[in-house]
Amino acid sequence: MPITNRAFFSDVDFLPDHQFKQIGECAGKKLLLIGKTKAYGDPIVATSQTDEPSHEDLYASDLYELMKFGHEPVKVTEQI
């Protein structure tokens, strides 16, 4: 399961795919914690449409940027 834009996040420690954690919802999709920035530990997330995110191409986003600039509401239900 590739993270399609991984190269744009050189300062992120990505989690192994078996450690991705569902932390909420965005636009009716599962919001997954997939990594954290090295400097401040800011959460990096992706959305998944299925119960098997390892079978999808995921697109990484900074959670705070997604919440601020995204067009869909973001609902965080788990502790990050």
Side-chain angles (χ1 to χ4, degrees):
M1 160 269 344
I3 298 171
T4 58
N5 61 338
R6 187 181 200 125
F8 295 114
F9 290 89
S10 59
D11 65 335
V12 170
D13 287 324
F14 285 98
L15 300 169
D17 60 348
H18 67 278
Q19 290 183 346
F20 290 173
K21 176 183 173 185
Q22 184 175 351
I23 60 168
E25 294 180 0
C26 178
K29 299 176 186 175
K30 296 176 184 181
L31 184 67
L32 305 174
L33 177 67
I34 62 170
K36 293 189 176 186
T37 60
K38 293 176 183 177
Y40 298 105
D42 293 342
I44 303 300
V45 298
T47 57
S48 173
Q49 297 184 41
T50 69
D51 290 332
E52 296 288 333
S54 61
H55 293 86
E56 294 180 61
D57 289 340
L58 300 177
Y59 186 84
S61 301
D62 180 289
L63 176 61
Y64 302 127
E65 289 182 16
L66 181 65
M67 292 173 82
K68 187 173 182 179
F69 300 113
H71 300 289
E72 299 289 337
V74 175
K75 180 179 176 183
V76 178
T77 58
E78 297 293 324
Q79 184 175 354
I80 300 173

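The two residues F14 and A60 have their closest heavy-atom pair at CE2-CB, 4.2 Å. Of all the heavy atoms in K38 and S10, the pair that sits closest is NZ-O, 3.7 Å. Closest approach of S48 and K29 over heavy atoms only: O-CB, 3.5 Å. Residue L15 comes nearest to L33 through the heavy atom pair CD1-O, 3.7 Å, listed as atom of the first residue, atom of the second, then distance. Minimum heavy-atom separation, P43 to K36: CA-CG, 4.4 Å.
Checking side-chain atoms of T4 against main-chain N and O of L58 turns up a donor-acceptor pair under 3.5 Å. A donor-acceptor pair is defined here as one N or O able to donate and one able to accept, closer than 3.5 Å; no such pair exists between the side chain of N5 and the backbone of Y59.
Taken from CG in L31 to CG in L63, the straight-line distance is 6.0 Å, to the nearest 0.5 Å. Interatomic distance, I3 CD1 to F20 CZ, rounded to the nearest 0.5 Å: 4.5 Å.
Inter-residue side-chain proximity for I34 and V12 is flagged as unmet; no heavy-atom pair is nearer than 4.5 Å. Side-chain atoms of I44 and D62, non-hydrogen and from C-beta on, do get closer than 4.5 Å to each other. The shortest distance between side-chain heavy atoms of T50 and E56 falls below 4.5 Å.
At a threshold of 4.5 Å between side-chain heavy atoms, the hydrophobic network of Ile, Leu, Val, Met, Phe, Trp and Tyr places L32 and F8 in one connected group.
More than 12 heavy atoms of other residues, nucleotides or ligands sit less than 6.0 Å from atom NZ of K21.
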*Determine, stepwise, if the pair V45 / V74 fulfils side chain to side chain contact (heavy atoms under 4.5 Å, CB included).*
CA-CA 11 Å; V45 298; V74 175; over 6 Å; no

